[in-house]
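Read the structure below first, then the notes.
Both counts, for ligands and for their atoms, begin at 1 and track the order of listing.
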Amino acid sequence: MKFEDIRRKVIETGLKMLNMKLVVGTWGNISARIPGEDLIAITPSGVDYERISPNDIVLLDMKGKVIDGHLKPSIEWPLHVAVYNNRYDVNAVVHTHSTFCTAMAMARKRIPAAVEDLVQIVGGDVRVSEYFLPGTKELGQAAVKALEGRNAVILANHGCLGAGPDLNETFKIVCVVEKAAKATIFAQILGGAVELEEDDIDFMRDFYLNKYGQR
Ligand SMILES: [Zn+2]
């Protein structure tokens, strides 16, 4: 089987997403860019994460055409393809229906840039994209617009999308965004979140991208 490693990593990320309760059942979807190819590997539509095997992962070209796979790709493939075609820094997309992000999505409220780990990993606040029906090209375009300069977006009345350099980092992004969504709702009870200054956000983002961790 071609690209078995990356197909396995897509499935592992799906299981982590399920175990962290970021999705229920078969909802949510995951994809990764295949290095050196104009292809992405994406989860199939409506198959339990526990039952997906590597050959169930669908390979699409950058127009969404199925290149390899015996199942239908996730209905959100236009959303994934739109992100890859507009963001060359993105190699993985994780789309969740996590509870607190869904609350923000229902209220159509952005997550303010008010907590350090969020601004480090996402690059600022998390905006809400304009509402469009699931699976539409328009949803993809709206998500790309609201994702500008960020690694995550809230899809109105729907959920969260994280877009990052690889699957591990993108999974971390959707977890941090979910935590920030939860904390934002609690902060609201305490009188509202106080946003960080732009200079401080830029400093922390740069530190995270260039200096953080064991280098
Ligand atoms: Zn969805």
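Under a hydrophobic clustering in which Ile, Leu, Val, Met, Phe, Trp and Tyr are joined whenever their side-chain heavy atoms come within less than 4.5 Å, directly or via other members, Val115 and Val176 fall into the same cluster.
Inspection of the Tyr49 and Thr43 side chains reveals no N or O donor paired with an N or O acceptor under 3.5 Å. With no hydrogens or angles considered, no side-chain donor-acceptor pair links His95 and His80 at under 3.5 Å.
Here the CD1 atom belonging to Ile30 is positioned 10.5 Å from the CD atom belonging to Glu12, to the nearest 0.5 angstrom.
Not counting sequence neighbours, the partners of Asp125 by the side chain to side chain contact (heavy atoms under 4.5 Å, CB included) test are Arg110, Ala113, Arg127, Arg150.
Shown are the protein N/O/S atoms under 2.8 Å from the Zn ion (ligand 1), given by residue and atom: His95 NE2, His97 NE2, His158 NE2.
Side-chain N or O atoms of Tyr84 include one that pairs as donor or acceptor with a backbone N or O of Val93 at under 3.5 Å.
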